[in-house]
There are 2 protein chains.
Amino acid sequence: MNGKPSHDHSGLLAQVREKLPREELFRELAGLYSIFADPTRVKLLYALWESEMCVCALTELSGLSQSAVSHQLRTLRESNLVKARREGKQVYYALADAHVRMIIEMGFEHLTEDRQEETGR
Amino acid sequence: MNGKPSHDHSGLLAQVREKLPREELFRELAGLYSIFADPTRVKLLYALWESEMCVCALTELSGLSQSAVSHQLRTLRESNLVKARREGKQVYYALADAHVRMIIEMGFEHLTEDRQEETGR
DNA sequence: CGTTCATATGTTTATTTGCTCATATATTAG
DNA sequence: CTAATATATGAGCAAATAAACATATGAACG
């Protein structure tokens with residue numbers, strides 16, 4: 001194996017291991033965050049924050065192709081972050097719940113507060 | 001162009017466009033979230049949540065190679081999510097600030113609450 | 001000094017992923 | 001039914017990336 005260490009931290013390790021959740025949860029968490037890890041999706045989510053919108057409008061707004069938007073909306077749908085509602089030819093998308101807003105908001109806050117901290121360096 | 005739509009939503013579009021932040025912010029947001037978008041990094045962050053730890057301990061804990069851990073720690077360092085402190089041969093890592101905790105916590109809450117909601121479907 | 005332990009880093013590889021292009025489905029109108 | 005509009009989807013490609021592997025740096029110690 002790579003670097004089996006010799007200095008002792010078995011006590012700490014055992015203690016931390018106890019508190020760690022099951023491996024699966026880390027994968028799920030990463031999966032959740034990876035949805036927000038793309039500028040296009042973040043923008044779509046942010047737009048939907050303001051108002052429910054049809055694919056057509058989201059396409060114009062994003063400046064991407066309709067296909068690209070549809071693909072991303074699918075990702076968002078399958079993650080239960082947005083919900084779709086058909087009305088005639090159009091399909092209207094909206095945020096699924098308040099959680100999405102909170103997660104985005106957390107990120108915004110972190111970014112802005114970071115900036116304040118970093119001015120002090 | 002792809003699908004220049006004909007039905008009207010220019011009013012809504014203009015309104016939403018006004019509220020959208022500059023493009024750059026979406027990229028930054030996505031950048032921030034993409035750090036949490038990997039199971040290994042989430043696990044490392046979660047472990048550091050419990051306690052400051054040296055690379056050696058983190059390597060054992062994660063089950064990955066020392067190299068892999070070091071690479072990920074670098075990513076976390078460069079994003080200002082963790083800070084490093086040298087003490088003799090070892091380097092100890094710790095969470096940079098409370099924000100990291102909050103962001104992870106948000107994710108956890110979303111996952112668990114989602115599960116409750118989904119039982120009703 | 002040279003050796004050993006702890007960590008960092010450059011390179012390569014395999015996988016993932018976001019987009020484009022072409023095409024399919026769905027709804028409404030004629 | 002056929003045409004037109006709105007949206008969805010499958011395939012392929014190019015860019016991003018996480019891990020392996022080899023190697024470099026850095027600290028303590030003889």
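To find a chain, count down the sequence lines: A is the first, B the second, and so on, and within it residues start at 1.
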Checklist outcome for this item: Closest to the 5' end of DNA chain C, once A/Ala37 and A/Gly88 are matched to their nearest nucleotides, is A/Ala37
Checklist entry - Reading nucleotides 8-16 of chain C 5' to 3', which nucleotides get B (base under 4.0 Å from a protein heavy atom), which S (sugar-phosphate only), which -? => result BBB------
Checklist entry - Can you name the nearest heavy-atom pair linking A/Thr59 to A/Ser65, along with the distance? => result CG2-C, 4.0 Å
Item to check | B/Ser70: side chain to side chain donor-acceptor pair (under 3.5 Å) partners, not counting sequence neighbours | outcome: B/Gln66
Next on the checklist: Expressed as a whole number of angstroms, how long is the span from A/Tyr92:OH to C/dT27:P?
Outcome noted: 15 Å
Next on the checklist: In whole Å, I'd like the distance from the CZ atom of A/Arg85 to the C1' atom of C/dA26.
Outcome noted: 17 Å
Next on the checklist: Under the rule for side chain to side chain contact (heavy atoms under 4.5 Å, CB included), what residues qualify as partners of B/Val82, not counting sequence neighbours?
Outcome noted: B/Leu45, B/Leu48, B/Leu76, B/Arg77, B/Tyr93, B/Leu95
Checklist entry - Roughly how far, to the nearest 0.5 Å, is NE2 of A/His71 from CZ of A/Arg41? => result 12.5 Å
Next on the checklist: Students often mix this up, so state it plainly: with edges at 30° and 60°, are the rings of A/Phe26 and B/Tyr46 parallel, tilted or perpendicular?
Outcome noted: perpendicular
Item to check | Under 4.0 angstrom between B/Gln72 side-chain N/O and D/dA19 OP1 or OP2 | outcome: yes
Checklist entry - Does A/Tyr33 have any ring pair (Phe, Tyr, Trp, His ring centres under 6.0 Å) partners at least two apart in sequence or in another chain, and if so, which? => result B/Phe36
Next on the checklist: Please report the distance, rounded to the nearest Å, between NE2 in A/His9 and C1' in C/dT7.
Outcome noted: 13 Å
Item to check | A/Leu61 side, atom CG; A/Met53 side, atom CE - distance, nearest 0.5 Å | outcome: 5.0 Å
Item to check | Partner set under side chain to side chain donor-acceptor pair (under 3.5 Å) for B/Glu23, not counting sequence neighbours | outcome: A/Lys43
Next on the checklist: I'd like to check the side chain to side chain contact (heavy atoms under 4.5 Å, CB included) partners of B/Glu24; sequence neighbours left out, ordered by chain and number.
Outcome noted: B/Arg22, B/Arg27, B/Glu28
Next on the checklist: Rounding to an integer number of Å, can you tell me how far B/Phe36 CZ sits from D/dA18 C1'?
Outcome noted: 18 Å
Checklist outcome for this item: Whole-Å distance, B/Met53 CE to C/dT7 P, equals 11 Å
Checklist entry - What is the distance from CG of A/Leu76 to C1' of C/dG18, rounded to the nearest Å? => result 13 Å
Item to check | For B/Glu18, all residues meeting side chain to side chain contact (heavy atoms under 4.5 Å, CB included), sequence neighbours excluded | outcome: none
Checklist outcome for this item: Base-paired stretches in DNA chain D with three or more consecutive Watson-Crick or G-U pairs, both distances under 3.5 Å, amount to C:1-30 with D:1-30
Next on the checklist: Could you work out, with side chain to side chain contact (heavy atoms under 4.5 Å, CB included) as the rule, every residue matching B/Arg85, not counting sequence neighbours?
Outcome noted: B/Glu52, B/Glu87, B/Tyr92
Checklist entry - From A/Leu12 CG over to B/Ser51 OG, what is the distance, rounded to the nearest 0.5 angstrom? => result 4.5 Å
Checklist entry - Excluding sequence neighbours, so at least two apart, what forms side chain to side chain donor-acceptor pair (under 3.5 Å) with A/Ser34? => result none
Checklist entry - Going by heavy atoms closer than 4.0 Å, what residues in residues 38-50 of chain A are next to DNA chain C? => result A/Asp38, A/Thr40, A/Arg41
Checklist entry - Rounded to whole angstroms, how far apart are NZ on A/Lys89 and C1' on C/dT27? => result 7 Å
Item to check | Interatomic distance where CD belongs to A/Gln90 and C1' belongs to C/dT27 [whole Å] | outcome: 10 Å
Checklist entry - Hey, what do you get for OG1 (B/Thr40) to CG (B/Leu58), rounding to the nearest 0.5 Å? => result 11.5 Å
Item to check | For DNA chain D, the residues among residues 10-17 of chain B that have a non-hydrogen atom under 4.0 Å from it | outcome: none
